[in-house]
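To find a chain, count down the sequence lines: A is the first, B the second, and so on, and within it residues start at 1.
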2 protein chains.
Amino acid sequence: MTGTPLRADARRNRERLLAAAEQVFTEQGVTASTEDVARAAGVGVGTVFRHFPTKEQLIEAVYQARLSRLADLADRLAASADPGAAFAEFFTTTVEGAATKNALAEALSRAGVATSTAEVGQWLRRALGVLLTRAQETGAVRPDVTLPDLMGLLIGTSRAVEHLSDDPGARTRVVRVVLDGLRVPG
Amino acid sequence: MTGTPLRADARRNRERLLAAAEQVFTEQGVTASTEDVARAAGVGVGTVFRHFPTKEQLIEAVYQARLSRLADLADRLAASADPGAAFAEFFTTTVEGAATKNALAEALSRAGVATSTAEVGQWLRRALGVLLTRAQETGAVRPDVTLPDLMGLLIGTSRAVEHLSDDPGARTRVVRVVLDGLRVPG
DNA sequence: CGGGAACCGGAGTGATCACTCCGATAGTGT
DNA sequence: ACACTATCGGAGTGATCACTCCGGTTCCCG
């Protein structure tokens with residue numbers, strides 16, 4: 001996959017760029033200009049386009065980073081002794097972490113669509129599927145909910161929470177509503 | 001408020017523009033160019049900017065139209081004999097109508113923020129407040145949910161449904177999950 | 001029907017943005 | 001230390017977009 005290993009300064013700049021891009025895109029949205037990202041990273045625009053030939057690819061890279069953090073969290077929680085609690089914790093943590101600029105919601109939304117996020121998306125879906133199935137087997141989550149349903153709810157609840165970002169009480173209330181709806185009815 | 005009444009052709013073009021803008025923005029998002037809107041309306045760009053001096057104002061006008069339709073629906077349902085059913089119907093109808101391009105969600109999201117949507121936003125909030133309070137009084141909706149919570153959930157569920165736009169079964173399942181979560185727990 | 005005002009259309013303008021190119025710079029193997 | 005090359009920085013380029021301007025057209029009123 002990886003051809004020649006990157007030179008030291010190249011790798012350093014690549015990581016700086018990813019971090020800067022994540023911050024800038026989170027604050028201003030993906031419509032932020034490439035020069036803004038370059039300035040935030042302390043490099044020239046040429047460097048941005050050498051590492052990410054297209055703005056689209058830079059955006060995708062940021063999304064991939066976010067998605068792999070999520071997948072990692074799901075993997076860790078999948079081993080939990082209490083699947084219901086693990087499920088709830090993943091849901092809450094994910095949604096609370098999305099309190100700015102639709103960041104995670106957009107990333108999640110692409111997980112099932114964009115080609116370049118295919119691998120990470122598959123990883124995340126598999127991990128989430130385990131989390132969901134175990135929670136359903138122990139009766140903690142209603143059995144009719146599917147994996148796509150869950151992803152839609154994650155995206156939607158993130159959006160709801162983002163809209164309520166200035167009121168922590170409202171945030172927890174909204175998450176509780178959705179989690180209650182995910183429990184077995186009756 | 002309105003100075004001289006518009007000439008016949010001016011009024012006709014204004015309505016054509018609003019309809020075209022709504023369609024174009026729904027299909028391509030608000031990043032669609034002004035010329036696209038003009039072409040869809042069958043007028044020149046000059047005409048667009050005469051009626052809406054800024055693209056932002058055109059967007060706001062489209063959002064206002066959407067919001068007033070929602071507020072109208074809420075008003076009609078507020079008179080219902082079954083507040084719980086009225087609440088559920090409003091929720092379902094609103095969310096199902098938002099199946100494309102974040103259209104309603106964005107409009108709703110602005111209802112509490114943007115200045116020019118202030119009036120319509122206030123109307124919608126008042127109507128929604130009545131719907132919510134009545135449903136809570138009859139025990140159909142849990143009492144701890146507030147009006148901002150409800151708006152957040154409307155926005156979020158719209159987003160979730162939009163993401164699942166190709167699977168009607170998933171759509172109804174997701175709406176049911178949120179509506180169940182909004183009922184009195186236990 | 002006719003004159004005058006309101007309105008229309010679309011070429012033109014300035015700004016912005018994604019992306020390119022090449023001289024300068026800095027890392028790496030010997 | 002030195003040469004060789006990967007990498008860097010940022011001025012330059014072409015395209016696009018929101019917005020303006022004015023000659024021509026259409027509507028309204030007496």
Of the nucleotides [options], which one has an atom closest to the side chain of [X]?
X	options	result
A/Leu6	C/dC19, D/dT7, C/dC7	D/dT7
A/Lys55	C/dG9, C/dC19, D/dC19	C/dC19
A/Asp9	C/dT20, D/dT7, D/dT20	D/dT7
A/Val43	D/dG9, D/dA18, C/dC17	D/dG9
B/Thr54	D/dC8, D/dC19, C/dT28	D/dC19
B/Thr47	C/dC19, D/dA18, C/dG9	C/dG9
A/Arg12	C/dC7, D/dT7, C/dG27	C/dG27
A/Ala10	D/dA11, D/dT7, C/dG9	D/dT7
B/Arg50	C/dA18, D/dA18, C/dG9	C/dG9

Legend entry - Verify same cluster id: A/Val62, A/Val45 (apolar side-chain graph, 4.5 Å):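 Result: no, two separate clusters.
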Inset, instruction - Using the closest heavy atom to pick a nucleotide of DNA chain C for each, name whichever of B/Arg14 or A/Pro53 lands nearer the 5' end. - result: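 With B/Arg14 and A/Pro53 compared, the 5'-side residue is B/Arg14.
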Integer-rounded Å distance: [N] [atom2] and [X] [atom1]:
X	N	atom1	atom2	answer
A/Arg39	D/dA11	CZ	P	12 Å
A/Phe49	C/dC19	CZ	C1'	5 Å
B/Phe25	D/dA18	CZ	C1'	12 Å
B/Arg16	C/dC7	CZ	P	16 Å
B/Arg11	D/dC27	CZ	C1'	14 Å
B/Glu35	C/dG12	CD	C1'	12 Å
B/Gln28	D/dC17	CD	P	10 Å
A/Gln57	C/dA18	CD	P	14 Å

Legend entry - Comparing B/Ala8 and B/Asp36 on DNA chain D - which has the more 5′ nearest nucleotide: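 Its nearest nucleotide lies further toward 5', so the answer is B/Asp36.
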If only side-chain N and O atoms of [X] are considered, is one of them under 4.0 Å from the OP1 or OP2 phosphate oxygen of [N]?
X	N	value
A/His51	D/dC8	yes
A/Asn13	D/dT7	no
B/Thr34	D/dC17	no
A/Arg7	C/dT28	no

Does the side chain of [Y] come within less than 4.5 Å of [X]'s, by heavy atoms?
X	Y	result
B/Leu154	B/Leu128	yes
A/Phe87	A/Leu179	yes
B/Ile155	B/Arg159	no

Inset, instruction - Inspect the contact between B/Asp167 and B/Arg171 and indicate whether a charged nitrogen and a carboxylate oxygen are less than 4.0 angstrom apart. - result: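 No salt bridge links B/Arg171 with B/Asp167.
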Legend entry - Ion pair check, A/Arg12 and A/Asp9, cut-off under 4.0 Å: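 No salt bridge links A/Arg12 with A/Asp9.
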